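What follows is one structure encoded as structure tokens, with my remarks underneath.
Letters A, B, ... are given to chains in the order of the sequence lines, protein chains preceding strands, and every chain is numbered from 1. Because the structure is predicted, anything quoted here is derived from the model rather than measured.
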Number of protein chains: 6
Amino acid sequence: MITDLDRPRLLAYRSDYTAPADFDAFWHNTLREARTHDLAVRLDPVATHLRAVEVFDLTFAGFGGHPIRGWLRLPRQRTGRLPAIVQFHGYGSGRGHPLDDLVWSAAGYAHLIMDARGQGGDHAGGATADPVGSAPSYPGFLTRGIEDPHDYLYRRIFTDAVRAVDTVRSLDFVDPRRVAVVGNSQGGGIALAAAGLVPDLTALFAQAPFLTDIQRALRITGTAPYREITGYLAARRHSADRVFRTLGYFDGIAFAARANAAAWFSTGLCDDICPPSTAFGAYHVYRGPKQIQVWDHNGHEAGGPEDLAIVLAGFDPLLRPSTMEEQ
Amino acid sequence: MITDLDRPRLLAYRSDYTAPADFDAFWHNTLREARTHDLAVRLDPVATHLRAVEVFDLTFAGFGGHPIRGWLRLPRQRTGRLPAIVQFHGYGSGRGHPLDDLVWSAAGYAHLIMDARGQGGDHAGGATADPVGSAPSYPGFLTRGIEDPHDYLYRRIFTDAVRAVDTVRSLDFVDPRRVAVVGNSQGGGIALAAAGLVPDLTALFAQAPFLTDIQRALRITGTAPYREITGYLAARRHSADRVFRTLGYFDGIAFAARANAAAWFSTGLCDDICPPSTAFGAYHVYRGPKQIQVWDHNGHEAGGPEDLAIVLAGFDPLLRPSTMEEQ
Amino acid sequence: MITDLDRPRLLAYRSDYTAPADFDAFWHNTLREARTHDLAVRLDPVATHLRAVEVFDLTFAGFGGHPIRGWLRLPRQRTGRLPAIVQFHGYGSGRGHPLDDLVWSAAGYAHLIMDARGQGGDHAGGATADPVGSAPSYPGFLTRGIEDPHDYLYRRIFTDAVRAVDTVRSLDFVDPRRVAVVGNSQGGGIALAAAGLVPDLTALFAQAPFLTDIQRALRITGTAPYREITGYLAARRHSADRVFRTLGYFDGIAFAARANAAAWFSTGLCDDICPPSTAFGAYHVYRGPKQIQVWDHNGHEAGGPEDLAIVLAGFDPLLRPSTMEEQ
Amino acid sequence: MITDLDRPRLLAYRSDYTAPADFDAFWHNTLREARTHDLAVRLDPVATHLRAVEVFDLTFAGFGGHPIRGWLRLPRQRTGRLPAIVQFHGYGSGRGHPLDDLVWSAAGYAHLIMDARGQGGDHAGGATADPVGSAPSYPGFLTRGIEDPHDYLYRRIFTDAVRAVDTVRSLDFVDPRRVAVVGNSQGGGIALAAAGLVPDLTALFAQAPFLTDIQRALRITGTAPYREITGYLAARRHSADRVFRTLGYFDGIAFAARANAAAWFSTGLCDDICPPSTAFGAYHVYRGPKQIQVWDHNGHEAGGPEDLAIVLAGFDPLLRPSTMEEQ
Amino acid sequence: MITDLDRPRLLAYRSDYTAPADFDAFWHNTLREARTHDLAVRLDPVATHLRAVEVFDLTFAGFGGHPIRGWLRLPRQRTGRLPAIVQFHGYGSGRGHPLDDLVWSAAGYAHLIMDARGQGGDHAGGATADPVGSAPSYPGFLTRGIEDPHDYLYRRIFTDAVRAVDTVRSLDFVDPRRVAVVGNSQGGGIALAAAGLVPDLTALFAQAPFLTDIQRALRITGTAPYREITGYLAARRHSADRVFRTLGYFDGIAFAARANAAAWFSTGLCDDICPPSTAFGAYHVYRGPKQIQVWDHNGHEAGGPEDLAIVLAGFDPLLRPSTMEEQ
Amino acid sequence: MITDLDRPRLLAYRSDYTAPADFDAFWHNTLREARTHDLAVRLDPVATHLRAVEVFDLTFAGFGGHPIRGWLRLPRQRTGRLPAIVQFHGYGSGRGHPLDDLVWSAAGYAHLIMDARGQGGDHAGGATADPVGSAPSYPGFLTRGIEDPHDYLYRRIFTDAVRAVDTVRSLDFVDPRRVAVVGNSQGGGIALAAAGLVPDLTALFAQAPFLTDIQRALRITGTAPYREITGYLAARRHSADRVFRTLGYFDGIAFAARANAAAWFSTGLCDDICPPSTAFGAYHVYRGPKQIQVWDHNGHEAGGPEDLAIVLAGFDPLLRPSTMEEQ
């Protein structure tokens, strides 16, 4: 069952979102401040029984210099500098388990999956605290600090994401010119933000992205996690202007309009969590080279591993992962 | 449909919870530290169209000296010092609206309803930030800081509750010897904690209390909000010992065993949110004078306004609210 | 998630409901007949522990002379004649508990909340029987007597509402020229009916009103209680003409077109119980001075206490409640 | 999934229900009063396209002399007096459509299906009003008049059922010595009541009977329709004693202990609407010859048509339906 | 609540389905092949306690010569050749119990209800195996063999249906010129297919038909059983072209365009299982005489027994069932 | 919330399942017959962008010589013969995508994931038909052929599993003495069956196993997929003896009692799909070395990747996977 517009209407749809006038200044200042902190990268080897992949517990200094954790996975067989994938995870969970997500390292990439700070208590664990408190919020993470863009949780998370890119680029076994950002759902939204904030990324994969065309999403979907915002505004009826002003600094459409990396979007026509029109809202204004995969009969899972296969093929000539033959 | 034990089994049930050895020291130190901060009470009149009740936006310094907000409602007609009711609200909401909850002030009490910090983005708004960050948590409030008793959100909230009692006692129009704490659900749990931490309160009303006999609750109920803890432990399988150690400092049973105020408990046999056995777990060890109202056919609402009528009658001779005749 | 039309479409929407030709005659005759019965008002004081409010168990003769019950609450401090609020409650419940709903009396009004007869076995108890039987009905109250306008339950309830107004006007401590009718959901529908049937009321507050633009409601919502009618028509496929003929005499749109009181409507764009277009259907044709509060992110609760604050402010200059200063 | 006790426990289970001391007097007086009214039987032929079955719209005077409707179906080929089946339907619906329920007439019985008065607005239509009003009730039929046994709806319905038996016995083409009562769910409860109130019925079929061992049912099931009573008691906390006193006059266990007809019970171990232990509560004390069919994997449908086949076979030698050969 | 288009839009709606070019050849070959098998009709009397109806366990050779089972019911009183009704049942169940569905035989028809092969393990039992295996499928029956029209389960079932018509026509007590096909939901879809494949049927009754305008159904409904196809396509993202090619041979619209029998359609505007527009998609192109009953307030049950009464009346002059008088 | 017994009761629990007398003969004959077919192993390389893992589309002849598909993944860096993991997937899905499930190959194992025939139309696609038809079944796979053990789908699937082991052992790059079987849910049940049928496997990992202690599971859980059997028996009331006789040949308890491989079980105390007592039913009688991981706060996911880490560590000394160092 189609949950949103059909294909022709999706192609014709354009969002009425407009970025705040000081959007770029806001993020310029935010990132400049974050970059005053030393990256303080730390790599602790993790013992696993994997033979083909090495796993490290990576820590770097994110927003505010706060320690951010992730897993760094490397193909054990490697020569030369590796291209890197920086991955962001879905809402509520964390970087997960060292044994998860082996595809990128098995495909010859350095692969960093970063914790979304504060999250990581659901589905798949995380290890990163958010040391910043919050004004009153709706249960969940989506409204923490939402009354002011400077306080909003995603200001910290998006900055962490940029710093995660800085981090992989700082590693001597990574080629800083070959870096991509990827993610599903919230992870897709974070990846899109990173692509908008880091001008020279090579590629982006945003699968069923969250946090794009947010006001439309709130109007047309009542499911979690978007409903956290609606729930918040239902309880705090006079906060809407402030909330929408804040969200203006975090909408994927603004990042899309600024991103240069080659982009792979995907969306499912039956997605009732991140409705496809909100992905198209970002896609249509995306500045760099772009393609979007539309899955007629899928929901929020979109193309699942099929998307991954498409993206691996698409990334290959751009990112040139390490091959066994080269080793 | 009965969700838990029947009446005879409830009467016979005893929890196997035992408090940590340093429970009293933990709270002694916590409160001592909090009390190093000046209460910094501030009262801002709120304009309403109420004729019989005055409302003030009250602020005081809670845990860490952080500003905690509440509404203070006073009967406009009053003479002499008033007895005071300090009320705590249910999970997720806040102090609500100035026009809510008029019964206590209309009954002749000074009535303070305190925000649970950080909450207040659902159902009924709050105005109190929690400036303390958190390790990874499950969406919601119940697992914020749960890996260490010093970091746990409820350490701050329970301390705020004690400070709220300190606050009403500091008001020159309140008789500090006539103070009661009341609440439903989470509010009942906070009230019970306050009664356990403030030795000379006059009365307690804990309706369908939350956060008592917590480990049993987790075993027998799968509903929100207790399921936040189960969800957290499902994602973080190695945290159980730490989590249960933390919760040991916050279980209503321990507070019950230390409380002296005359207590009114109530519970519904069909409650699937705070199962009645967990209320009885606290009731059976309650140290002060006590009674428990059992509502055979009610769920989490327990006795609703019937409980209130019983409690108003019970409080009357103990707290002696201001009467029109005296004025 | 928006459940119905968006704001621009709501403003443009007009219902195609038209009142039956003998609508006025039907109600004229109904009220004339009811008024042949003596009001037989009886006031029994209710013992509560409230100091600021007096509560009475009020009985009057409604439709058919049947005894109708309500709570009458008065500010204990009062001088001169009071303005009066007549309130109607939501579907299925009753006048509730003496300790409920203190805001109006605390604000200086005489406040009568009337039982909807026969209801009162759900949520909040009532005390008023409906001595009239019924043809076959769907479980619930909405289809009792629905095959004939003379037999329909709401003929009796709306008449009771008019008689409740008559009743408060008959009280020697009430100023009969300062009377308002208020209610939420079903209560809003009843208040709207009373405003259409009593030409000289001062004010109306209809929050998320039920029973307006009924045929549209049945087409666009499948939730309780409207679905009782759909369920009835599903079982009784040949009753639709009779049922819609009956409902024509009870649709809030007809009452709106006849009402003179200053009106405050409110509706939530996420309301799936009483969809906002059905409130606008009545609002657009409302004859008296009017305003409508639209809450973008709220459901059936609409503005909750925010609506109340707006209405208290709006009522104040019109109804001039008793103030302490005057006393 | 088994919803209640397993087979061995069902066999051992005995209800602690005890009938009120004046149970027999209550019903004796009720029936005597009803029988003061002439039966006023009326048969109106209904045009159908059935060739093998004749259908009549039957009316008789039930409780209070009120007109009660049913369908009477007769095998078109018949000789001599017919045995009769009086059937009662499930909760909320009515006698249904003339084309429904052909099995009994096709099997050679005169077959009367009686409306449960007032119901018939859900699932399958009815045509019988209940001209008696009601004190406040929970939406539905189960609590109408429940505060007093004389006012309870089922006093009227059970009396109607006895009068339905009187009616078929009064028909000159029916053999009054060969009459059985049958029903599923509510219909089974009514049939059981009729069997307890009419001493000389030949047979009874109670499939998944409702309204037996009611207090236990309320404790162990939360589904409709039993939850109407729980919902009522949740809203009216002080009514439990009165309600349970009333229900004491209507519990199938009391009727079972007084019934002489040969009985076929059936129940499904997965029934969560009328839990099997409540059927066994009645079965164990049933006074006449009895058997119970237990369906391990069925819910409220119990044996469905399999029960019917068993019962047709069991009824055959007792009731000796008209056969083609005899004609 | 209306689930699809309203009446005016339904009348205007036309599907964009087009049949495959070789649709007729596909079915011509399929039926020719099936008819190479001897019908091998077998009638085994079933002992029931019915006096007016005889029941036989009928077997015939369907697709592939596989034995297909059904119940044949005959009015015991009959003279001359009977008209015949061939009925098909809803999704998942089977021919049911001998005591079910007596209306047609009681109305003077020979009545065959045919098992849908392989189904019959849910709701009402069947007795017919499907000896053909299947490629991977989604749980259920709707995707078994769906990648190729020759392998699709409904090729076999629709062929069985044609053979069921052949079978009743072969019975010496049936008049082969007076045969109708009937069914609800899946049964309506099968009946429609039979009417499209057998050119000289007298009448068709398709109530809430399934498997018509299938692609639209998939876009607008997410309920079972259509969601089996969506679920399949979600898991097998590259199968859509093959699946839709297959379904092209089985869409009721194609059969409607070829059918000559006088047709009675019915649909409910609240049907969320087989949305009314999909019934209208077939109705609008239906070639023979036709009428459609639209039930405004019903769901998938459509007119229920009301439809049956209409159809019995409509069939009567065309099919002339045996009457008692004629006997 | 705990869904079944608590830990002490699980440790004490013993199932009352007993295997049929001819259990071993049944399987001996079944496997002997299957092994008359040549394995006909075929390996087709699959192009992926993985550098560390090679993937092959593997086909072998399973039950009846039918072609069974799977993915074979090999670490690209390998020397000497590899130990092999044969994995079985959960209910309804299939072998999935070549990019899924990289952990075993990355850990140095040859890894075969086998399709469960006929399934693979849900969640993750499969490619293996089941060419065998079926008697009537409930929608799904669990009742296909369930009336006779020779016809039951799982006879074919379990045999395929044994043949999958035969297949990996036949590969010249696999060491046939180092083979383990693993799976989650249905996959755990199949792995357990394989361990019971192949006497010389090295290790077994059964996570939240399905199809063990089946009769108990049916009594205590109402969730999918077990409810397919209950649904079937609800529709086919006389099939229970046959169905339970069939299931006797497929219960994991019988296989456990015959298995020699070192076993790792895991179960979650909140699992409502495969309740933990049913896992313990098999665990307690397991013949070989064994351990069971009990996850107090997890449902059907049990230990997730934590289980995998435990099992990788446990398998390591027994199966000695290829290491980079060895290469």
Side-chain angles (χ1 to χ4, degrees), chain E residues 63-64 66-69 89-97 100 115-148 151 153 156 186 224-225 227-239 243, chain F residues 63-64 66-69 89-97 100 115-148 151 153 156 186 224-225 227-239 243:
Chain E
F63 178 95
H66 307 138
I68 307 298
R69 305 278 288 277
H89 59 73
Y91 177 85
S93 67
R95 63 179 179 175
H97 194 274
D100 295 339
D115 267 348
R117 58 166 66 201
Q119 301 184 15
D122 194 10
H123 303 116
T128 304
D130 181 18
V132 181
S134 166
S137 68
Y138 187 93
F141 302 99
L142 219 50
T143 62
R144 295 175 68 165
I146 200 169
E147 301 256 344
D148 188 301
D151 297 338
L153 169 63
R156 302 191 290 280
Q186 176 186 264
R227 74 171 168 211
E228 292 181 14
I229 300 177
T230 300
Y232 181 87
L233 292 173
R236 305 178 68 87
R237 294 177 181 85
H238 302 295
S239 292
V243 163
Chain F
F63 178 96
H66 306 138
I68 306 299
R69 306 278 288 279
H89 59 71
Y91 177 86
S93 67
R95 62 179 179 174
H97 194 275
D100 294 340
D115 267 348
R117 58 166 67 201
Q119 302 184 15
D122 194 10
H123 303 116
T128 304
D130 181 17
V132 182
S134 167
S137 69
Y138 187 93
F141 302 99
L142 219 49
T143 62
R144 295 175 68 167
I146 201 168
E147 301 256 343
D148 188 300
D151 297 339
L153 169 64
R156 302 192 289 281
Q186 175 186 266
R227 74 171 168 212
E228 292 181 14
I229 301 176
T230 300
Y232 180 88
L233 292 173
R236 304 179 68 87
R237 293 177 181 84
H238 303 296
S239 291
V243 163

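Taking E:A235, E:P136, E:P139 one by one and counting their heavy-atom pairs under 4.5 Å with chain F, the maximum is reached by E:P136. Most heavy-atom pairs under 4.5 Å with chain F: of the set E:G96, E:G121, E:G133, this distinction falls to E:G121. Most heavy-atom pairs under 4.5 Å with chain F, from the set E:S93, E:G231, E:S134, E:A135: that is E:S134. In terms of heavy-atom pairs under 4.5 Å with chain F, the best-connected choice from E:S137, E:G145, E:G126, E:A116 is E:S137. Note on F:G94, F:G118, F:G125: by heavy-atom pairs under 4.5 Å with chain E, the leading option is F:G118.
Residue E:Y232 touches chain F through both its backbone and its side chain, counting heavy-atom pairs closer than 4.5 Å. When heavy atoms are compared at a cutoff of 4.5 Å, F:R237 does not approach chain E at all. With a 4.5 Å cut-off on non-hydrogen atoms, F:A127 touches chain E through its backbone but not through its side chain.
Nearest heavy-atom pair across F:F141 and E:Y138 is CZ-C, 4.3 Å.
E:D130 is linked by a side-chain hydrogen bond (donor to acceptor under 3.5 Å, both in side chains) to E:R117, E:R156, counting only residues two or more places apart in sequence or in another chain. Scored by the salt bridge (charged side-chain N to carboxylate O under 4.0 Å, His left out) test, E:R69 finds E:D57 as partners (sequence neighbours excluded).
Residue-environment remark: NE2 (E:H123) stays at or below the threshold of 12 foreign heavy atoms within 6.0 Å.
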